[in-house]
J.: 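Quick one: this structure, given as structure tokens, is what I'll be asking you about.
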Amino acid sequence: MRALTPVSVAVLSSALLAAGAQAAPLPLTPLPEARAQTPRQTLVPQPKRAEFPNGTLPLGGLGVRVVGSAPELAWAVRDLRAEWKTRLGAELQGGAAGKPGIVIGTLADQELAAKAKAAGLDNAAAEGYALWVDSSGAYIVGADGKGAYAGAQTLRQLLTPAGVRFAKISDSPGLRDRVAMIYLDQYSAQVNDRLIPMLAALKYNAVLIMSNYVQWDTAKAGGFAHPGGASKAEARRVAELARSYGLEPIPLIETLSHAGWMFYGGKNLNLKQDPESQNLWAYDTLNPDTYSKVILPVLSEAVELFRPTRVHIGHDEVRSRDRFPARENGKALGFEKLYVDDVVKLHDHLKSLNVATMIWHDSAFADSVIATLPAQLPKDIQVAYWNYTSGTGTDLLGKIAAMGFPVLGASWLDAGNPEGQAKVAAKTRALGMIQTRWTGYFGNPSIWDGQAEQGVPFVRAASAFWNPDAPVVAGAEGIFRDLYQPAAYRAAAGSAVNLKSLVTRSLSDDDEKGWILKGPDIDLRNLGTGVKRLGAYSFDVQGAVMLRGSRPAAKDLPERATVELGRKADALAFLHTTGWPAATPREVIGRYEVAYADGTTLALPLEYGRHIRAWTDTLPSSMIPAPGFSGQTRDGLNVAVPVLEWTNPKPGVVIKSVTLVSEGKNANPTLIGLTLIGDRP
């Protein structure tokens with residue numbers, strides 16, 4: 001729980017300590033693997049064809065060598081070495097011919113091509129690869145450099161502390177363009193330096209980069225550069241970083257609509273479409289200054305900086321806020337004329353720079369204009385069709401393709417949305433798919449803490465975009481957490497605390513006197529009891545230490561509960577939840593008070609959604625808690641209980657006790673398991 005920090009330290013006098021009776025520590029169960037980060041067994045994305053014979057290639061003396069000069073081969077070695085270092089704390093050395101090792105190359109090498117054919121794994125599709133691991137070594141043979149790089153991402157997932165799992169895999173992508181959306185802002189480096197390698201590991205091959213608020217020279221000169229925007233140097237660095245991980249950078253600069261960026265600081269107000277608007281939403285397409293002073297110079301800067309093959313110019317939701325058209329001269333021409341002329345002007349400018357144009361679909365292909373407007377647009381414009389629901393309205397993607405436009409689907413976060421859209425995209429032979437992310441401008445860190453539910457779908461979408469026929473990824477939350485912030489494959493010993501003497505509610509509720517008093521169909525019985533592994537952690541589950549809340553079913557419960565320990569520990573892992581959701585996100589609903597034998601106490605606040613959430617609230621808005629239990633109630637309700645790990649800042653001092661305190665709000669803290677990591681007397 002690295003992001004949970006104490007907010008207060010109280011120094012207790014020895015007299016105060018002596019005033020209370022010293023209770024006996026609760027029973028402990030020693031655990032050799034109190035916390036254990038282990039390799040997952042399933043591959044993401046799932047390959048089209050894969051077999052896993054019994055056996056493991058030993059790590060001893062294993063090295064890596066490349067055959068060929070494609071830049072992707074060097075990237076593959078870099079990523080494999082990083083995997084070895086992070087997961088095992090070991091160096092993956094260079095390999096020598098004639099010795100068992102990891103060999104990476106392409107079908108351009110006749111010897112490797114022959115080996116792949118002999119193994120029955122040759123794959124000539126673009127970005128395809130053959131991969132096999134046996135006692136003679138590990139081989140990755142790409143149809144091209146990109147395929148070899150994709151194969152390396154699969155091989156990384158076969159690594160275990162004991163060696164590399166035997167496998168026989170033949171694979172290639174189902175969709176050509178597999179795009180993930182990222183943001184540029186003042187927090188860019190701390191987020192994108194983690195996100196970009198993660199996206200490469202998931203086999204995306206492009207990033208749509210929200211670039212509205214980059215501090216363009218044009219914006220600085222015009223006084224509308226936002227201080228929270230990324231510098232041009234940072235934007236250039238991110239673009240080059242993306243390229244070095246095989247990701248094509250596609251800048252997104254929202255134009256015509258969502259154009260508040262050009263009005264920042266009260267500038268360019270004479271250029272807004274609706275003179276009465278307070279939203280600063282759309283610009284005036286009939287004022288030449290719109291283009292000469294703002295839009296075209298910014299697009300030119302973006303092309304120079306990103307060196308893209310295509311630029312996304314937005315153009316969605318044009319009439320959703322402002323009146324459009326609003327000015328009399330615009331009304332005389334009408335919406336279609338204004339929209340088409342603007343798109344064509346931007347398209348022609350980009351084309352003169354040898355760059356293609358992409359737009360969102362909704363304004364140009366709305367029911368009211370679809371019969372006439374699209375025919376007026378250049379047919380080389382790429383159309384991104386966004387649909388954020390599962391399994392509805394996807395026929396429009398095919399209609400746009402039938403009109404002669406290159407088309408991509410675009411999905412978001414709902415269950416089944418990326419998966420369903422990817423199937424339609426594959427069926428209609430679309431260019432590919434975009435996994436969007438709408439965490440807001442200047443909200444980059446929320447992808448980990450605040451809106452992490454928009455990061456988790458990157459995992460599900462990656463699998464669907466690579467292999468549209470693959471099943472939905474199970475455990476996507478844990479995979480996102482592990483890829484964004486990878487941890488070593490190692491176990492930490494500790495002890496599980498038996499909380500039986502403090503339990504106030506049973507997890508099962510056969511008589512409406514347990515759990516939340518709602519009966520057997522809506523309780524936590526499926527979590528079970530006893531010592532058990534939940535995610536990466538083990539706990540001794542005996543029931544629930546549920547505390548007081550404002551709900552009638554929780555008003556008579558105690559306000560606090562103290563767990564006597566008398567042990568040292570490197571960290572504490574809490575399996576906890578609340579009976580009901582909080583009224584607002586980040587609301588403090590309770591705290592842990594960690595009392596030490598030296599007389600000090602640390603108070604650790606519990607913010608709802610960030611450190612703790614209701615058992616029925618399965619949306620992982622923060623990655624600070626780790627996945628723990630997930631399951632269903634008898635009546636089919638999805639439920640989850642996460643794990644919060646707190647790193648003890650005083651591991652050399654005995655922890656006398658840990659007290660859970662409730663603020664008595666709607667979300668009432670409930671402790672189900674407590675495990676000491678690295679504990680000792």
Side-chain angles (χ1 to χ4, degrees), residues 45 48 125-127 172-181 203-208 248 250 252 256-257 308-318 336 339-340 342-344 346-348 350-351 355-412 414 416-436 457 460-470:
K48 289 184 174 178
E127 293 188 76
S172 60
L175 293 172
R176 190 194 80 176
D177 292 353
R178 304 175 304 281
V179 189
M181 185 173 169
K203 298 188 176 73
Y204 287 94
N205 62 359
V207 280
L208 182 64
E248 172 199 351
I250 307 170
L252 167 59
L256 192 57
S257 60
T309 62
R310 46 188 163 169
V311 171
H312 197 315
I313 60 171
H315 280 64
D316 60 317
E317 302 175 322
V318 174
E336 282 195 35
Y339 181 94
V340 169
D342 179 78
V343 171
V344 170
L346 273 55
H347 164 273
D348 290 353
L350 291 172
K351 191 169 185 177
V355 174
T357 297
M358 184 187 295
I359 62 171
W360 298 117
H361 85 284
D362 58 293
S363 293
F365 295 86
D367 290 344
S368 59
V369 297
I370 192 170
T372 54
L373 192 155
Q376 303 172 62
L377 298 177
K379 287 296 190 291
D380 61 352
I381 289 178
Q382 297 181 15
V383 179
Y385 167 73
W386 59 267
N387 185 328
Y388 299 153
T389 59
S390 177
T392 60
T394 53
D395 58 328
L396 185 53
L397 190 150
K399 290 180 181 179
I400 296 171
M403 292 179 185
F405 292 94
V407 64
L408 299 91
S411 51
W412 196 14
D414 280 2
N417 178 228
E419 296 85 353
Q421 284 278 66
K423 289 181 185 298
V424 175
K427 184 178 180 180
T428 58
R429 300 185 182 277
L431 292 180
M433 285 289 300
I434 302 170
Q435 179 60 23
T436 63
R460 296 178 14 237
S463 181
F465 296 178
W466 180 271
N467 184 354
D469 294 326

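FYI, the numbering just counts along the sequence from 1.
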J.: Could you state the interatomic distance from CG (L350) to CE (M358), rounded to the nearest 0.5 Å?
T.: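 Going from CG on L350 over to CE on M358, the span is 11.5 Å.
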J.: Measuring from M433:CE to E419:CD, what's the distance to the nearest 0.5 Å?
T.: 9.5 Å
J.: Using side chain to side chain contact (heavy atoms under 4.5 Å, CB included) as the criterion, point out the one residue from D380, L377, I313 that pairs with H347.
T.: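 Of all the options given, the one that passes is D380.
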J.: Which value, rounded to the nearest 0.5 Å, describes the distance between M403 atom CE and L396 atom CG?
T.: 7.0 Å
J.: Which heavy atom of A430 sits nearest to which heavy atom of V407, and what is that distance?
T.: CB-O, 3.3 Å
J.: Quick one: pull up OH in Y339 and CD in Q376 and give me the separation to the nearest 0.5 Å.
T.: 11.5 Å
J.: Please confirm whether the backbone N or O of S363 pairs with a side-chain atom of E317, one donor and one acceptor, at under 3.5 Å?
T.: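 It does not hold such a pair.
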J.: Write down the atom of P374, the atom of K379, and the distance for their closest heavy-atom approach.
T.: O-NZ, 3.9 Å
J.: Taking 4.0 angstrom as the limit, do K203 and E127 come out as a salt bridge?
T.: no
J.: At what distance, to the nearest 0.5 angstrom, does CD1 of I370 lie from CD1 of I400?
T.: 6.5 Å
J.: State, to 0.1 Å, how close V311 and P308 come at their nearest heavy-atom pair, and which atoms those are.
T.: CG2-CG, 3.8 Å
J.: Ignoring hydrogens and geometry, is there a side-chain-to-backbone donor-acceptor pair from N205 to R176 under 3.5 Å?
T.: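 Present.
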J.: Between Y204 (side chain) and A462 (backbone), is there a donor-acceptor pair under 3.5 Å?
T.: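 Confirmed, Y204 side chain pairs with A462 backbone.
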J.: If I take atom OG1 from residue T428 and atom NZ from residue K399, how far apart are they, to the nearest 0.5 angstrom?
T.: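 Rounded to the nearest 0.5 Å, the OG1-NZ separation comes out at 13.5 Å.
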J.: Can you check whether L346 reaches T357 side chain to side chain, under 4.5 Å on heavy atoms?
T.: no
J.: Grab the two heavy atoms, one from L397 and one from A425, that are nearest each other, plus how far apart they are.
T.: CD2-CA, 4.4 Å
J.: Identify the two heavy atoms, one from A422 and one from A464, that lie closest to each other, and give their separation to 0.1 Å.
T.: CB-O, 3.5 Å
J.: Output yes when a side-chain donor or acceptor of N417 lies under 3.5 Å from a complementary backbone atom of S411, and no otherwise.
T.: no
J.: side-chain contact (heavy atoms from CB on, under 4.5 Å) for Q435 and L208? Distances and angles first, verdict last.
T.: CA-CA 9 Å; Q435 179 60 23; L208 182 64; over 6 Å; no
J.: Below 4.5 Å, heavy atoms only, C-beta onward: do D177 and R310 meet side chain to side chain?
T.: yes
J.: Could you tell me how the ring of F405 sits relative to the ring of F365: parallel (under 30°), tilted (30 to 60°) or perpendicular (over 60°)?
T.: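 The arrangement is perpendicular - the two ring planes meet at more than 60°.
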J.: Output yes when a side-chain donor or acceptor of N467 lies under 3.5 Å from a complementary backbone atom of G174, and no otherwise.
T.: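 Not a single qualifying donor-acceptor pair exists.
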J.: Using every non-hydrogen atom in the two residues, find where Q382 and A356 come nearest and quote the distance to one decimal.
T.: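 The answer is NE2-CB, 4.4 Å.
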